[in-house]
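For reference, the structure is listed below as structure tokens.
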There are 2 protein chains.
Amino acid sequence: MAQRIVPDVVVRRLTQYYYALRNCRKRGLEIVSSQLLGEMLNVTAAQIRKDLSFFGGFGKQGIGYNVDSLLDHVQRILGLKRTWPVALVGLGNLGRALLHYQGFEKEGFKIIVLFDSDPGKVGTTIGQLEILDDKEIAQVLPAMGVRIAILALPPEKAQEVADMLIEAGVRALLNYAPVTLKVPEGIWVRQMDPLVALQSMTYYLVSLEEA
Amino acid sequence: MAQRIVPDVVVRRLTQYYYALRNCRKRGLEIVSSQLLGEMLNVTAAQIRKDLSFFGGFGKQGIGYNVDSLLDHVQRILGLKRTWPVALVGLGNLGRALLHYQGFEKEGFKIIVLFDSDPGKVGTTIGQLEILDDKEIAQVLPAMGVRIAILALPPEKAQEVADMLIEAGVRALLNYAPVTLKVPEGIWVRQMDPLVALQSMTYYLVSLEEA
DNA sequence: TAGATTGTTAATCGATTAACAATC
DNA sequence: TAGATTGTTAATCGATTAACAATC
């Protein structure tokens, strides 16, 4: 069956369903209805059923969804049933904090290679990993099968490094640099910019004061 | 004139316009058209005009928008013409990296108070700031007029701390903990979860392989 | 004046919600 | 069987885009 095109907003919600379902499992629930799942996530039951129907019929009429089975399907759809090797570029304060964050590995994202441009850092080792020079990306990365990179570097360097990474086979970028990256079709970028997030909330704080 | 209700998606795009306009100014542009702005941001010119029209008419027919003037308007609308005091909760690796990040202060967000629950950290000082105990939030925060808090703490504690912060006057939460916070109407949360971001990209990586 | 570009209205598109037949 | 809940279609809602009169 030809896969319909799935809106990105649905894919993003699917990650929420994934966490909600794990929560159900932790609570010992065997069956969950779209109703209950919706209450957990503040979305309508209809939306959950609609979203899931993009990928198949996973429930039973009159019953609901088997938590384990649906969780398994969602994991498979999102590609979470494997370990993804990840490149981390930039080992300043933020980069090092990300490297030490346990959550990535717990969820199957394993940082296997580090890059930085600072000659003072290149060649040094953190844990098991040596910091390589940015310039080596083209040389070492393709053989590693890395499709995901985390960018934790200054905004001036972000575009240049992104270009090199994409050239070396990376297809998904988690970008902490406050820059809108220009990437070709077929490359995915998620922006992790705390300033943008704050600056869109201050709008509401102002209108709060005025009210 | 009664302010029409502005969709959140418009507010978020406004932050993008803000950065694009700064870019224009840096490049020495005096005037910019919706066309050019759109090209810089990969949105249509019509959308930019529509978005701006929520707030007023800032351009001149036949000419375009004055960069300085529009930038000024956008800053005012977003509440970026002042300094916002910020509370930071959680001083693990991530919290400390955020504290040392220069970008916040440059953009007018000043971290003025630190909280943590670890007795080993409470009472110690980073830079000018002493780390206070989470339990003191209710006591010290209200007098400070802090409306914005950054949460960089373990998921188990996030909801509890969020509740205390809101009780103490916080209205906007930048949440790095991988938890969907339950907050009352009128409180804004932006989720900064790298795992969710990665997990929604792997979906596309999988379909890439299958293609 | 002629050309350009805004601000706004109308048309289109897509996403969300409601409704309900199918069925467990 | 009666009650519950899915999967799907149709209705609604909202956001984006196109078009164009106004006007610089």
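Below, chains carry the letters A, B, ... as their sequence lines are ordered, and counting in each starts from 1. Only a predicted model underlies this, so the values are computations on that prediction, with no experimental measurement involved.
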Checklist line | Side-chain ion pair, B/D72 and B/R25, N-O less than 4.0 Å | finding: no

Margin query: Does anything in residues 144-195 of chain B form a ring-ring contact (aromatic ring centres under 6.0 Å, His included)? List the pairs, not counting sequence neighbours.
Written below: A/Y204-B/W188

Next item on the list: Using the ring-ring contact (aromatic ring centres under 6.0 Å, His included) rule, collect all pairs that involve residues 20-43 of chain A, keeping only residues at least two apart or in two chains.
Entry: none

Next item on the list: Check each residue of residues 14-33 of chain B for a non-hydrogen atom within less than 4.0 Å of any atom in DNA chain D, then write out the ones that pass by number, or none.
Entry: none

Checklist line | All salt bridge (Lys or Arg N to Asp or Glu O under 4.0 Å) counterparts of A/R76, not counting sequence neighbours | finding: none

Item checked: Letter per nucleotide, 5' to 3', of nucleotides 10-19 of chain D [B base touched, S only sugar-phosphate touched, - untouched; heavy atoms, 4.0 Å] -> -----SBBBB

Provide a list of protein-nucleic acid N or O atom pairs under 3.5 angstrom, restricted to nucleotides 21-24 of chain D.
{"from": "D/dC24", "atom 1": "O4'", "to": "B/Q61", "atom 2": "O", "distance (Å)": "3.2"}
{"from": "D/dC24", "atom 1": "O2", "to": "B/Q61", "atom 2": "O", "distance (Å)": "3.4"}

Check: Residues in side chain to side chain contact (heavy atoms under 4.5 Å, CB included) with A/E30, at least two apart?
Finding: none

Notebook entry, point to check: Any Lys/Arg nitrogen of A/D193 or B/R12 sitting under 4.0 Å from an Asp/Glu carboxylate oxygen of the other?
Noted result: no

Item checked: Watson-Crick and G-U pairing of DNA chain C written in dot-bracket, each distance under 3.5 angstrom, with | for inter-strand partners -> ..||||||||||||||||||||||

Check: Residues two or more places apart in sequence or in another chain: which of them pass side chain to side chain donor-acceptor pair (under 3.5 Å) with B/N175?
Finding: B/Q191

Checklist line | Counterpart residues, salt bridge (Lys or Arg N to Asp or Glu O under 4.0 Å), relative to B/K182 (two or more places apart) | finding: none

Check: Taking everything shown except B/E136 itself, do over 12 heavy atoms lie less than 6.0 Å from its CD?
Finding: yes

Check: Looking at residues at least two apart in the chain, or sitting in another chain, which of them share a side chain to side chain contact (heavy atoms under 4.5 Å, CB included) with A/D134?
Finding: A/V89, A/F115, A/S117, A/V161, A/M164

Check: How long is the line joining OH of B/Y65 and C1' of C/dA4, in whole Å?
Finding: 13 Å

Note to self: Return the CG to CG distance between B/N66 and B/L29, rounded to the nearest 0.5 Å.
What the structure shows: 10.5 Å

Checklist line | Summary of ring-ring contact (aromatic ring centres under 6.0 Å, His included) pairs that have at least one residue in residues 57-82 of chain B, sequence neighbours excluded | finding: B/F58-B/H73

